[in-house]
Protein chains: 2
Amino acid sequence: MRKKEEKKISIAVIRRLPRYFRYLSDLIKLDIKRISSKELSQRMGITASQIRQDLNCFGGFGQQGYGYNVELLYDEIGKILGIDKRFSCIIIGAGNMGNALANYQNFRNRGYDIVGIFDADPRKVGTVINDIKVYHIDDLESFVAKQHVDIAILTVPGSRVNEVASKVTALGIKGIWNFSPTDLKLGSDIVVENVHLSDSLMVLGYRLREKLNGSEQ
Amino acid sequence: MRKKEEKKISIAVIRRLPRYFRYLSDLIKLDIKRISSKELSQRMGITASQIRQDLNCFGGFGQQGYGYNVELLYDEIGKILGIDKRFSCIIIGAGNMGNALANYQNFRNRGYDIVGIFDADPRKVGTVINDIKVYHIDDLESFVAKQHVDIAILTVPGSRVNEVASKVTALGIKGIWNFSPTDLKLGSDIVVENVHLSDSLMVLGYRLREKLNGSEQ
DNA sequence: TTAGAATTGACAAAAAAATAACAAAATGTT
DNA sequence: AACATTTTGTTATTTTTTTGTCAATTCTAA
Ligand SMILES: NC(=O)c1ccc[n+]([C@@H]2O[C@H](COP(=O)([O-])OP(=O)(O)OC[C@H]3O[C@@H](n4cnc5c(N)ncnc54)[C@H](O)[C@@H]3O)[C@@H](O)[C@H]2O)c1
Ligand SMILES: NC(=O)c1ccc[n+]([C@@H]2O[C@H](COP(=O)([O-])OP(=O)(O)OC[C@H]3O[C@@H](n4cnc5c(N)ncnc54)[C@H](O)[C@@H]3O)[C@@H](O)[C@H]2O)c1
């Protein structure tokens, strides 16, 4: 079981890891101790080849003739995803989406602690969401000076997000989870993950219409 | 300017369309009348080749020596995405995420009308979110009998989502936008678009750690 | 009006990703 | 203990996606 750190691992592989992690978690709940790539592939609806190839980017976690030990593989993928490490996060924009995210408990279970919420609206400042205080955006700098922040979760309107992102990166925050429909213009030393919900819905609409029209003919 | 309906268009292309649409919308706001694939590629951070190839899946919208007419291209992509058509949607699960989505105005602008919200919790039934009534999940069948529904937006806990998805598909709803972390087991005649937010956050965490560790060495 | 510049659409090439194939190793059965 | 079966890790092949190239066309400026 050796690690392979030589070659750059493609983002396509990385994006599948959380899905493996979820399925393995389910197997543990079902008290299943071992699994072959073939059976997992049937459950997940992908090819066994892909599973083996993906996992082998990080090391040989399986055993010939046996398959994979579920718990061990779960732990290994957890380690790769850094479930054991903790990230300190803030939410900027205490609106609808900011509230929903602040109230979600599961991020903490995955290692992401929300330590503060920021908003420009004075009516929101001073309130508390899920035991997390809402501060004024102008207090961000002093907050970050006192407490290290890894990730800023941006749930402000699209028209404000570039200005907010600039502030955030100027303070040395290196990770941004962007919920606004606006693409961010930032340097390459910042890691940005976008959640473009409207895009996702429009793709669903396209696929749905395609399916309905296709079956019509 | 002819359409090309012969070859199946890849999902990778489809997923870029909303992004083109957004950028073109911005150009219109900036009162820019024409754009070359080269300039657009610089703004978007992708290759000009890809833009031309993507657009040519649907027809030749540009003109040699001139580029693309922004407004015309915007309209064409809008047509491809079906912005002119309307979808009738329901939200199931009036919790944090259901509330956030119900309160978002922009889905309507894109052609997605939320016509009802459903929940199993009697305390939520009878309330109104953003002028949309919350019904009991048991009333879903009679609701769908009276009013056609294209898309169900599922914001129930992962442990409940498969049972809810079964109900929904049994009633003939063909599109599902799934916000739960659970993958749905459904027939191939249902179109499912997943929004796995935790997965997205974990990918951000991975990339961030990779970047930080990389720059350390 | 004409020459040179710009730019597309189509096709070719390259790169990346997914799938298949298979030798090697371990399992499990008789 | 022998041997057929299972299953991995790895390499090869195929498919898909992205990028590069260029003739043909249109624009534009003089
Ligand atoms: N709610 C949804 O379901 C949904 C869906 C898709 C996309 N989005 C996107 O997510 C973002 C947030 O959406 P929302 O529905 O929560 O909006 P919202 O209006 O409810 O909340 C936005 C919040 O940001 C705050 N804000 C504005 N400017 C700020 C600034 N400069 N600094 C700090 N705070 C500031 C506002 O005071 C407000 O509280 C938007 O970009 C929206 O397009 C939301
Ligand atoms: N809130 C977030 O930021 C967030 C982030 C990531 C993922 N999610 C996922 O989105 C989903 C919703 O999250 P949430 O935070 O809104 O949860 P929530 O608990 O606030 O809301 C869930 C709602 O679903 C209702 N419900 C439960 N069973 C039902 C059933 N059988 N039929 C109809 N309604 C039912 C509940 O009464 C509740 O109102 C979950 O699957 C969660 O994992 C949420």
Side-chain angles (χ1 to χ4, degrees), chain A residues 1-17 19-20 23-24 27 32-74 76-77 80 203 207, chain B residues 1-17 19-20 23-24 27 32-74 76-77 80 203 207:
Chain A
M1 197 200 304
R2 85 230 77 92
K3 288 279 166 63
K4 303 182 174 183
E5 317 246 23
E6 320 93 28
K7 247 182 66 186
K8 182 83 171 61
I9 290 147
S10 89
I11 189 68
V13 175
I14 302 303
R15 289 197 188 282
R16 280 192 292 269
L17 291 181
R19 187 144 181 271
Y20 291 131
Y23 272 84
L24 289 164
L27 291 174
I32 293 170
K33 300 292 184 197
R34 65 185 247 191
I35 187 110
S36 68
S37 58
K38 191 181 168 200
E39 202 199 325
L40 187 56
S41 76
Q42 284 158 354
R43 286 173 181 265
M44 296 185 67
I46 55 176
T47 64
S49 216
Q50 181 161 67
I51 293 174
R52 295 205 299 277
Q53 183 134 330
D54 282 353
L55 297 179
N56 276 49
C57 292
F58 304 98
F61 303 130
Q63 196 162 16
Q64 282 151 329
Y66 177 89
Y68 298 86
N69 177 307
V70 172
E71 200 128 9
L72 181 135
L73 187 55
Y74 176 81
E76 288 293 342
I77 294 181
I80 296 163
V203 171
R207 295 208 289 139
Chain B
M1 196 198 305
R2 86 229 73 94
K3 289 278 166 66
K4 302 183 176 183
E5 317 246 23
E6 320 92 29
K7 248 182 69 188
K8 181 86 171 62
I9 290 147
S10 90
I11 189 68
V13 175
I14 302 303
R15 288 195 189 283
R16 280 192 292 269
L17 292 182
R19 188 145 181 270
Y20 291 131
Y23 272 83
L24 289 164
L27 292 175
I32 293 171
K33 301 292 183 197
R34 65 185 248 190
I35 188 109
S36 68
S37 59
K38 190 179 169 201
E39 203 199 323
L40 187 56
S41 77
Q42 284 159 355
R43 287 173 180 264
M44 296 185 66
I46 56 177
T47 63
S49 217
Q50 181 160 69
I51 294 174
R52 294 205 299 276
Q53 180 130 318
D54 282 353
L55 297 180
N56 276 47
C57 292
F58 303 97
F61 303 129
Q63 195 159 17
Q64 284 152 329
Y66 177 90
Y68 298 86
N69 177 307
V70 172
E71 200 127 8
L72 181 136
L73 187 56
Y74 176 82
E76 289 292 341
I77 294 181
I80 296 163
V203 171
R207 295 207 288 139

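Note on naming: letters A, B, ... go to the chains in the order of the sequence lines (proteins, then strands), and numbering restarts at 1 for each one.
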Throw together a table of side-chain donor-acceptor distances under 3.5 angstrom for residues 60-68 of chain B, partners on residues two or more places apart or in other chains.
none

Classify every nucleotide of nucleotides 22-30 of chain C by which part a protein heavy atom approaches to under 4.0 Å, writing B for the base, S for the sugar-phosphate alone and - for neither, in 5'-to-3' order.
-> B-BBBSS--
Given atom [atom1] of [X] and atom [atom2] of [N], what is their separation to the nearest angstrom?
{"X": "B:Leu40", "N": "C:dT7", "atom1": "CG", "atom2": "P", "value": "13 Å"}
{"X": "B:Leu55", "N": "D:dT19", "atom1": "CG", "atom2": "P", "value": "15 Å"}
{"X": "B:Gln50", "N": "D:dT17", "atom1": "CD", "atom2": "P", "value": "11 Å"}
{"X": "A:Gln53", "N": "C:dT19", "atom1": "CD", "atom2": "C1'", "value": "8 Å"}
{"X": "B:Arg15", "N": "D:dT18", "atom1": "CZ", "atom2": "P", "value": "13 Å"}
{"X": "B:Ile46", "N": "D:dT17", "atom1": "CD1", "atom2": "P", "value": "15 Å"}
{"X": "B:Phe58", "N": "C:dG9", "atom1": "CZ", "atom2": "P", "value": "14 Å"}
{"X": "B:Leu73", "N": "C:dT8", "atom1": "CG", "atom2": "C1'", "value": "13 Å"}

So do A:Phe58 and A:Ile9 actually touch side chain to side chain, heavy atoms under 4.5 Å?
->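 Yes. Closest side-chain heavy atoms under 4.5 Å.
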Hey, does A:Leu55 have a side-chain heavy atom less than 4.5 Å from the side chain of A:Ile77?
->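 The answer is yes, as the side chains (C-beta and beyond) meet within the 4.5 Å cut-off.
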To the nearest 0.5 angstrom, please state how far the [atom1] atom of [X] sits from the [atom2] atom of [Y].
{"X": "B:Arg43", "Y": "B:Ile35", "atom1": "CZ", "atom2": "CD1", "value": "5.0 Å"}
{"X": "A:Asn69", "Y": "A:Glu76", "atom1": "CG", "atom2": "CD", "value": "10.0 Å"}
{"X": "B:Gln50", "Y": "B:Tyr20", "atom1": "CD", "atom2": "OH", "value": "5.0 Å"}

More 5' along DNA chain C: B:Tyr68 or A:Asp54, using each one's nearest nucleotide?
->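 Going by which nucleotide is closer to the 5' end, it is B:Tyr68.
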Look at [X] and [N] and indicate whether a side-chain polar atom (N or O) is within less than 4.0 Å of OP1 or OP2.
{"X": "A:Ser49", "N": "C:dA18", "answer": "no"}
{"X": "B:Asn56", "N": "C:dA10", "answer": "yes"}
{"X": "B:Ser37", "N": "C:dT8", "answer": "yes"}
{"X": "A:Thr47", "N": "C:dA18", "answer": "no"}
{"X": "A:Ser10", "N": "C:dA17", "answer": "yes"}

Test side-chain contact (heavy atoms from CB on, under 4.5 Å) applied to B:Arg16 and B:Ile11, B:Asp54, B:Ile51, the passing residue | B:Asp54
